[in-house]
Amino acid sequence: MVEISHLSKNYGDKKAVNDISFSVEEGEIMGFLGPNGAGKSTTLNILTGFLSATSGSAKIDGIDILEQPLEAKRLIGFLPEIPPLYQDMTVAEYMNFCYDLKGCRLPRKQHLREICEVVKITDVNKRLIKNLSKGYRQRVGIAQALIGNPKVLIFDEPTIGLDPKQIIEIRNLIKHLGKNHTVILSTHILPEVQAVCDRIVIINKGRLVANEKTENLINAVDGSRRLVAKIVGPEDQVLQLLRSTQGVKFAEKLGRRDTDSVSYLIESEENVDIRKPLFYALARASYPLIGLEGDELNLEDIFMRLVDPQKKEKNEKRRRNAAQAPEAGK
Amino acid sequence: MTAIYKRELRSYFITPIGYIFAGMFLAVSGLLFSWLVLSADNSGAYSYAKISDYFVYLLFVFSVLIPLLTMKLLSEEKKQKTEQLLLTSPVSLTGVVMAKYLAALTIFAATLLVNSLNYILLYVYGNPNVAVILSNILGLFLIGASFVAIGLFLSSITENQLIAAVSSIAVIVALLLISLLADTIESEFIRVVLKWFSVVDRYTPFTNGYFDIPAIIYFVSFTGIFLFLTVRVYEKRRWS
C-alpha cells in the first residue's frame, strides 16, 4: 500500500534521511519509531508530498507522490506533528472547509457527523478551535485526516502532550481505525507501539535500523528468556547451582531485597523453558524459591540497543564481568 | 481551490482586517475626493486636471492599505503550520496561490467598486468625460492587482505578518517613486530601465482617459510574474 524505496533527503550538508526503504501492507498498522531528530517527520512529510526527496521514491498504492501528486494525496489522511488548525474557525466550519479542500464526494452531513462521533468531538462542534483544549485540538486534527475516508492514514506523534486518559483513548481510536485503514504511526513512545502496531520500523540519524513484525523484533533482539528469581540460601552456592542447571545460559546476583532472600537474574538458552528444572534443582538442594517472574525485554531495551550500539556493548561487557568475577574468585 | 478562496474571504470579515481595509480606503479616498472637488470649483479645465491628480494620490493610499490586505495571506499559514494541510491536500500549488490572490483581489475590487460611486456625484453637478472615469477605474484596478501580487509574494517569504506588510509598503512606495528618480538621471540607459519599472508611467495614460493596451499587458504580466515567483518560493522550499 505504501512503498518507500531508497529515500534520501539532504538539508544542505546534513543528511536528514539517508537511503531508507520500507513498505507497509494494506491493513497494517506500522509503528514508525526513532529518537527526536531521527528523520521521522521528514520521511512522513516526503510521503505526504509536503517535501520533496533528494533521491528515491515514495509510492501510495502504486502512485508516485512526485509524479502524480494530486492522485496520491487523495489517498492520504495526514495529521502533522502540529495539527494544522485555523484558530479562528469553529470545529464545524473547519471540518466543512477540509471537506471542500479535499474534494470529498461522500454525503457531507452524514460523513462529517460519523467522523465527529468516532473521534468524539460532536459536543465541541460549535466552539472556536482556539478555545479548545490540547486534547480536543489533537482530535480535530485526527478528524481532519479521516475526511474522505482515505486508504492510508499517517499520524505524526498523535499522542504528544495529551494526558494519560486521552492517550489511551487516541490509542484505541487508532487501533479501531487500523481495522479498515492502513496506518502509519510515528512516535517515540514505545508502549504505544507495542500496544497498537503490527510492524515496527525504527530509524536513527536518518538510517533504517530495524523493520520487523512487533513480536519478531522483540525475539530478534533477544531470543532467550530472562527470569528474575527470589531464592533463600547462601549466595555462592545458589549461584553455582543456578549456573549448573541445564538450560541456563547465564545467571547473576541482582541484590538482596529483603532479609533472607536474594534476587537473581537468570537467562535461559533459546526456546528452553527452565522454570521446572530450576524448581526441582532448588527443591533438591533445599533452597526455597519464593518468587519467580519473567523479565521480558521490552521495547525500551530493544530501542536503546538498536539506536545506541555502544551502550549495548558496554552493558554486555558489564554483564560478562559480573558473571566471571565470582568464578575467578573461587 | 474554491474552498481556500472562500475561507480566505471569510477570514477577512471575521478578523478586523477586511473592515479596516474597506473603511480606511473609502474614508481616505472620500476625503481626498471631496477636498479636490471642493477646491476646484470654477474653471472647467483646471478641475479636469485635478481629477487626474486624485487618481495619483490614490496610489499612495494603496501603498499602505494593500499590504494590510496581503500581509497574512501566506505568512500566517506558515506560522500556524496550516500550510501543511493545504500542501498535502489534493490541490496544486498554483491553485493555492491563485485562491489566496483572488481572495485579496476580490476585497480590493469590491472596495474599489464601492468607491467608484463617488463619481456619480460628478454627474449631478457637471458633465465629466465617461472615458476618463472608466479608464481610471480600470487603471486603478490593474495597478492595485499588481500591488496585491507583490504583497502576496512578500508574504510567502516570511512568517511574520509585520515584515510582510512593511516590506510590501517599501517595495510599492519605491515603485511609485522610481519615475520621479528616473527623470533626474542623465544616463539614458539607466533612465530607460528605471522607466520600465515605473508603474506610475504606465498608469498615467489611464488617468487621461486612454485605454492603453500595452500598459494593460504590462500590468497583467507584472501580476503574473509575481504570482509565478510565489509558486516558485513554495516549490523551492519543498526541494531545499
Side-chain angles (χ1 to χ4, degrees), chain A residues 9-12 16 41 44-55 60 63 65-66 68-90 93-104 128-130 140-141 144-145 147-148 150 152 154 156, chain B residues 1-20 69 71-100 102-104 107 155-156 159-161 231-240:
Chain A
K9 175 77 181 173
N10 302 349
Y11 292 123
S41 291
L44 296 185
N45 280 334
I46 293 171
L47 188 58
T48 53
F50 181 64
L51 294 174
S52 297
T54 309
S55 64
I60 315 285
I63 303 171
I65 188 82
L66 254 188
Q68 293 169 279
L70 299 191
E71 286 75 7
K73 284 172 184 176
R74 234 168 243 137
L75 300 172
I76 305 175
F78 180 38
L79 169 70
E81 207 170 346
I82 298 160
L85 306 174
Y86 290 99
Q87 307 291 329
D88 55 9
M89 294 177 114
T90 66
E93 283 166 351
Y94 178 72
M95 294 293 284
N96 275 298
F97 166 67
C98 293
Y99 180 96
D100 293 333
L101 184 66
K102 297 184 181 197
C104 180
L128 280 177
I129 289 176
K130 66 177 163 199
V140 176
Q144 160 274 120
I147 291 177
V152 180
I154 299 176
D156 196 353
Chain B
M1 190 183 138
T2 44
I4 303 174
Y5 172 74
K6 274 196 249 166
R7 201 205 74 79
E8 209 55 57
L9 263 193
R10 195 182 142 278
S11 93
Y12 277 125
F13 292 104
I14 51 172
T15 58
I17 289 181
Y19 298 105
I20 292 178
L69 214 51
M71 64 183 184
K72 76 172 182 69
L73 279 177
L74 295 166
S75 59
E76 192 66 6
E77 298 271 355
K78 199 191 300 182
K79 198 170 182 183
Q80 302 286 346
K81 309 283 178 200
T82 43
E83 62 175 7
Q84 228 164 343
L85 174 68
L86 301 184
L87 300 181
T88 57
S89 295
V91 182
S92 67
L93 269 179
T94 319
V96 174
V97 170
M98 283 310 288
K100 295 268 177 189
L102 290 177
I107 301 286
S155 173
S156 76
E159 54 182 80
N160 186 322
Q161 292 190 26
V231 174
R232 297 311 298 172
V233 167
Y234 273 89
E235 197 69 41
K236 188 193 168 284
R237 265 226 319 271
R238 269 179 62 184
W239 288 97
S240 61

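Chain A is the first sequence line, chain B the second, and so forth, proteins listed ahead of strands; every chain is numbered from 1.
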Mind checking the [atom1]-[atom2] spacing from [X] to [Y]? Nearest 0.5 Å is all I need.
X	Y	atom1	atom2	answer
B/Leu69	B/Ile107	CG	CD1	6.5 Å
A/Leu70	A/Ile63	CG	CD1	11.0 Å
A/Leu44	A/Ile154	CG	CD1	6.0 Å
A/Cys104	A/Ile147	SG	CD1	7.0 Å
B/Leu102	B/Leu9	CG	CG	9.5 Å

Chain B and chain A: which donor-acceptor pairs fall below 3.5 Å?
from, atom 1, to, atom 2, distance (Å)
B/Arg10, NH2, A/Glu93, OE1, 2.6
B/Arg10, NH2, A/Glu93, OE2, 3.0
B/Glu77, OE1, A/Tyr86, OH, 2.7
B/Glu77, OE2, A/Tyr86, OH, 3.0
B/Gln84, NE2, A/Asn45, OD1, 2.8
B/Leu87, O, A/Lys73, NZ, 2.8
B/Arg238, O, A/Lys9, NZ, 3.0
B/Arg238, O, A/Ser52, N, 3.0
B/Arg238, NE, A/Ser52, OG, 3.1
B/Arg238, NH2, A/Ser52, OG, 3.0

Report which part of [X] has an atom under 4.5 Å of a heavy atom belonging to chain B: side chain, backbone, both, or neither.
X	answer
A/Leu101	both
A/Phe78	side chain
A/Leu66	side chain
A/Ala53	backbone

- Least distance between heavy atoms, A/Pro83 atom then A/Gly141 atom: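 Where A/Pro83 meets A/Gly141 most closely, the heavy atoms are CB-CA, 4.3 Å.
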- Contacting moiety of B/Ile4, where chain A heavy atoms sit under 4.5 Å: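 Interface part for B/Ile4: both.
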